2 protein chains.
Amino acid sequence: MGFKKRRVKLEDIARKLNVSIATVSRALDKNPRVKQSTREKVLETAKMMGYMPNQIAKSLSSGKTNIIGVLIPRYDEPFFIEVCRGIDQYARNHNYKILISSSRNSYEFEKENLISFERGLVDGIILSPTHETKNVEHLNDLISKGMPMVLFDNIREEVSGADHVKIDDEKSSFAAVEFLIKKGKKKIAFIGGIKQKKVFQDRYKGYIAALTKYNIPVYEELVLHCNSLHREFEDKEILDFFNHLSHTPDAVFACTDNYGLLTMKTLLKTGKKIPQEVAVIGFGDLGLGEIFVPALTCISQPSFEMGQKAAKLLINQLNESDDVDHKKRIIQLDTKLIEREST
Amino acid sequence: MGFKKRRVKLEDIARKLNVSIATVSRALDKNPRVKQSTREKVLETAKMMGYMPNQIAKSLSSGKTNIIGVLIPRYDEPFFIEVCRGIDQYARNHNYKILISSSRNSYEFEKENLISFERGLVDGIILSPTHETKNVEHLNDLISKGMPMVLFDNIREEVSGADHVKIDDEKSSFAAVEFLIKKGKKKIAFIGGIKQKKVFQDRYKGYIAALTKYNIPVYEELVLHCNSLHREFEDKEILDFFNHLSHTPDAVFACTDNYGLLTMKTLLKTGKKIPQEVAVIGFGDLGLGEIFVPALTCISQPSFEMGQKAAKLLINQLNESDDVDHKKRIIQLDTKLIEREST
DNA sequence: AAAAATAATACAAACGTTTGTATTATTGTT
DNA sequence: AACAATAATACAAACGTTTGTATTATTTTT
């Protein structure tokens with residue numbers, strides 16, 4: 001029959017055993033207030049009748065959904081997926097599920113998604129704000145309403161009620177560029193991402209700092225702040241950049257692995273030898289770099305771990321007592337340089 | 001203050017305006033049973049008081065959560081992420097959210113996740129069963145309990161109450177191999193995936209069919225059914241395979257883009273020229289193949305669209321009346337061969 | 001064997017909505 | 001002005017749990 005069956009509920013078990021709903025509920029909870037023999041009868045009957053607790057009713061009653069909302073700027077970037085995996089792993093081990101949404105790099109969608117989270121479906125939020133997010137009032141509002149929050153990636157330190165998970169972008173990028181310099185490179189190009197993102201600002205700072213330290217002039221021409229928000233355009237933007245250079249660089253520091261790969265592709269197409277003529281270093285370390293020929297040297301960022309830590313911070317907040325002020329925590333994770341064939 | 005604020009609810013608005021909760025509820029719903037002027041007062045007060053509807057209470061009352069559960073075998077495969085994107089897009093446009101879980105290629109985890117979905121958090125399920133899933137009783141059970149379900153990727157046609165979204169794997173793979181044959185290739189290797197998966201079985205069939213049609217002998221040695229469930233091992237398995245070949249093939253048909261890339265990497269390392277000495281063709285088309293040098297020719301599979309269609313089928317089921325038997329629907333999407341540099 | 005202590009269970013309110021039915025207020029008809 | 005028709009609103013049950021308090025049953029103490 002195609003008829004949707006009525007679910008069995010506590011009441012059904014209670015009626016069959018001639019006990020109260022409360023007793024059934026407590027028996028299933030292993031609450032010591034119910035007699036051993038009663039508990040056994042309840043458990044057995046529940047199993048026999050195919051009882052499944054109703055999560056929604058539980059949530060309404062308890063005020064907890066055990067769901068964590070995760071908001072990322074885009075799905076098609078392995079970094080974010082990897083962070084989500086980390087969040088998911090930690091969350092599941094602590095009896096939480098995750099609900100992932102994408103803000104599609106738009107401030108408006110970000111707000112929209114947060115509003116939907118605010119409707120009580122999630123107990124807390126892990127968020128990477130979009131580059132468009134200048135104003136963080138919507139975040140502070142939500143936090144002041146009691147919504148626990150953790151920020152990662154494009155963090156905004158002015159959001160005072162949230163915890164943060166980050167890496168030291170400037171230092172990492174400094175290390176990458178210094179590494180190139182120590183290989184004797186002098187004309188090092190910089191391929192950055194959207195300028196409004198703090199991570200890319202910081203990586204640029206690190207680049208400048210390294211050049212400055214070693215007294216290498218900064219050629220504006222060698223710097224690209226890649227603006228594309230979608231895969232399809234990044235390719236073209238990078239191709240154009242290299243096509244219009246007058247000095248060819250002897251090394252490239254790319255702010256993401258993907259930029260690094262696109263750079264190598266472009267260079268290989270124009271017959272350059274990597275790493276002999278041009279060395280390339282990326283940022284991220286997400287598997288693709290390893291497959292490419294030549295394999296991409298990069299700054300390895302612990303994406304999975306970032307997710308785990310973010311989940312940990314959030315779940316800690318969820319377990320804090322409500323009437324005590326939350327003190328902001330910032331976790332900074334280490335990166336490391338992984339040398340492969342492209343340098 | 002760090003105190004978690006009490007949320008404002010319908011009752012608060014009702015009390016402030018001296019009307020009943022029912023009226024407030026209906027006013028916010030734009031139900032014509034409430035007077036225009038009352039509606040306006042309610043809307044205004046709700047806004048003023050910062051009212052946010054409680055999704056959980058709504059769900060309990062209405063019996064719908066407007067959440068779709070999505071269960072995929074693994075996160076770290078762009079194909080699945082792309083399908084999820086498609087699901088997400090269609091779902092959002094129809095006022096549904098998606099809750100993604102991974103079965104981590106394990107039948108036990110699959111069952112566990114489905115049980116958790118069964119607790120009433122989701123209105124329906126979109127699922128790619130794991131290769132371990134021999135027995136589909138757990139799926140039929142769930143369906144017979146009234147849970148709408150759509151299968152994709154590793155579909156199991158014997159699950160009679162679910163809709164299916166698929167491509168014609170055998171035909172597509174036949175086309176790929178035929179393409180290689182028409183390029184004059186005679187020794188075509190096959191890199192497949194886990195044998196238990198129907199998609200890989202079908203792709204193997206297509207390979208054999210094409211060779212047979214053109215009277216090309218099948219060398220067992222040239223066939224690899226890649227068994228690795230994790231990124232790290234696939235690499236090695238493919239490397240080993242090519243290292244132990246006595247005949248070197250003049251072409252390779254790889255059942256996923258990733259296998260195709262790993263194949264190219266391995267061949268390039270051993271000094272082979274692609275496509276001159278060995279042509280390579282992949283399956284999937286997820287962006288990486290385009291970046292690689294040489295760019296990977298492949299069978300392009302409409303992953304995003306598969307997600308959209310799956311969501312569409314599911315939401316259609318959700319809108320069907322419960323007391324009518326669901327008739328199974330199968331949607332088959334077209335693939336196409338995209339020629340790039342590797343052939 | 002009665003009183004006290006404790007164990008086991010039942011009752012009922014609460015969580016925040018929706019929605020069918022009952023009630024009251026307003027309008028229209030004659 | 002009385003009555004019907006209709007519009008607007010209120011009441012209350014329902015969704016399926018949890019949990020504090022009240023009640024009943026059993027055991028212990030004397």
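In what follows, chains carry the letters A, B, and so on, assigned in the order in which the sequence lines appear, proteins first and then strands, with residues in each chain numbered from 1. Since the model is a prediction, treat every value here as computed from it, not as a measurement.
Counting distance only, with no hydrogens placed and no angle test, the side-chain atoms of A/Arg33 and the base atoms of D/dT21 include a donor-acceptor pair under 3.5 Å.
With C/dA8, D/dG16, C/dT17 as the choices, the nucleotide that has an atom nearest any side-chain atom of B/Leu10 turns out to be C/dT17. The nucleotide whose nearest atom lies closest to any side-chain atom of B/Lys35 is, among C/dG16, D/dA8, D/dA10, D/dA8. Considering only side-chain atoms of A/Ala22, the nucleotide from C/dA8, C/dT17, D/dG20 that sits closest is D/dG20. Nearest to the side chain of A/Ala57, among C/dG16, D/dG16, C/dA22, sits D/dG16. Side-chain proximity of B/Ser25 to the nucleotides C/dT18, C/dT9, D/dA10 is greatest for C/dT18. Of the candidate nucleotides C/dC15, D/dT19, D/dT9, C/dC15 has the atom lying nearest to any side-chain atom of B/Lys9. Nearest to the side chain of B/Tyr51, among C/dA10, C/dG20, C/dT17, sits C/dT17.
To the nearest angstrom, P of D/dC11 lies 10 Å from CD1 of B/Ile21. Regarding B/Met52, its CE atom lies at a distance of 12 Å from the P atom of C/dT17, rounded to whole Å. The NZ-C1' distance, from A/Lys58 to D/dG16, rounds to 11 Å in whole Å. The distance from atom CG of B/Leu28 to atom P of C/dT18 is 8 Å, rounded to the nearest whole Å. One can place CD of A/Glu11 at 14 Å from P of C/dA10, the figure rounded to the nearest angstrom. A straight line from CZ of B/Arg6 to C1' of C/dG16 spans 11 Å, rounded to a whole angstrom. When rounded to the nearest whole Å, the span between CG of A/Leu17 and P of C/dA10 equals 10 Å. To the nearest angstrom, C1' of C/dG16 lies 6 Å from CG of B/Asn54.
No engagement by A/Ser59 is indicated, since no non-hydrogen atom pair under 4.0 Å with the nucleic acid exists. No contact: B/Asp12 has no heavy atom under 4.0 Å from any strand. Within 4.0 Å (heavy atoms only), A/Ser62 reaches no atom of the nucleic acid at all. Among the protein residues, A/Arg26 comes within range of the nucleic acid bases, having at least one heavy atom under 4.0 Å from a base atom.
Looking only at atom types and distance, the side chain of A/Asn154 has no donor-acceptor partner in the side chain of A/Ser128 under 3.5 Å away.
A salt bridge is absent between B/Asp12 and B/Lys16; no separation between the charged side-chain nitrogens and carboxylate oxygens falls under 4.0 Å. Ion pairing between a basic and an acidic side chain is recognised when a charged N comes within 4.0 Å of a carboxylate O; B/Glu44 and B/Lys47 show no such pairing. Of the charged side-chain nitrogens involved, at least one lies within less than 4.0 Å of a carboxylate oxygen, so that B/Glu320 and B/Arg329 count as a salt-bridged pair. The pair A/Arg92-A/Asp88 meets the salt-bridge criterion, since a charged nitrogen lies less than 4.0 angstrom from a carboxylate oxygen.
Considering only side-chain N and O atoms, A/Ser61 lies nowhere under 4.0 angstrom from the phosphate OP1 or OP2 of D/dT18. The shortest distance between the side-chain N/O atoms of A/Thr23 and the OP1/OP2 oxygens of C/dT9 is not below 4.0 Å. In this model, the phosphate group of D/dT9 is not approached by any side-chain N or O of B/Ser20 to a distance below 4.0 Å at OP1 or OP2.
Figure legend: cation-pi geometry between B/Arg85 and A/Tyr75 absent, as NZ or CZ is not positioned both under 6.0 Å from the six-membered ring centre and within 45° of its axis.
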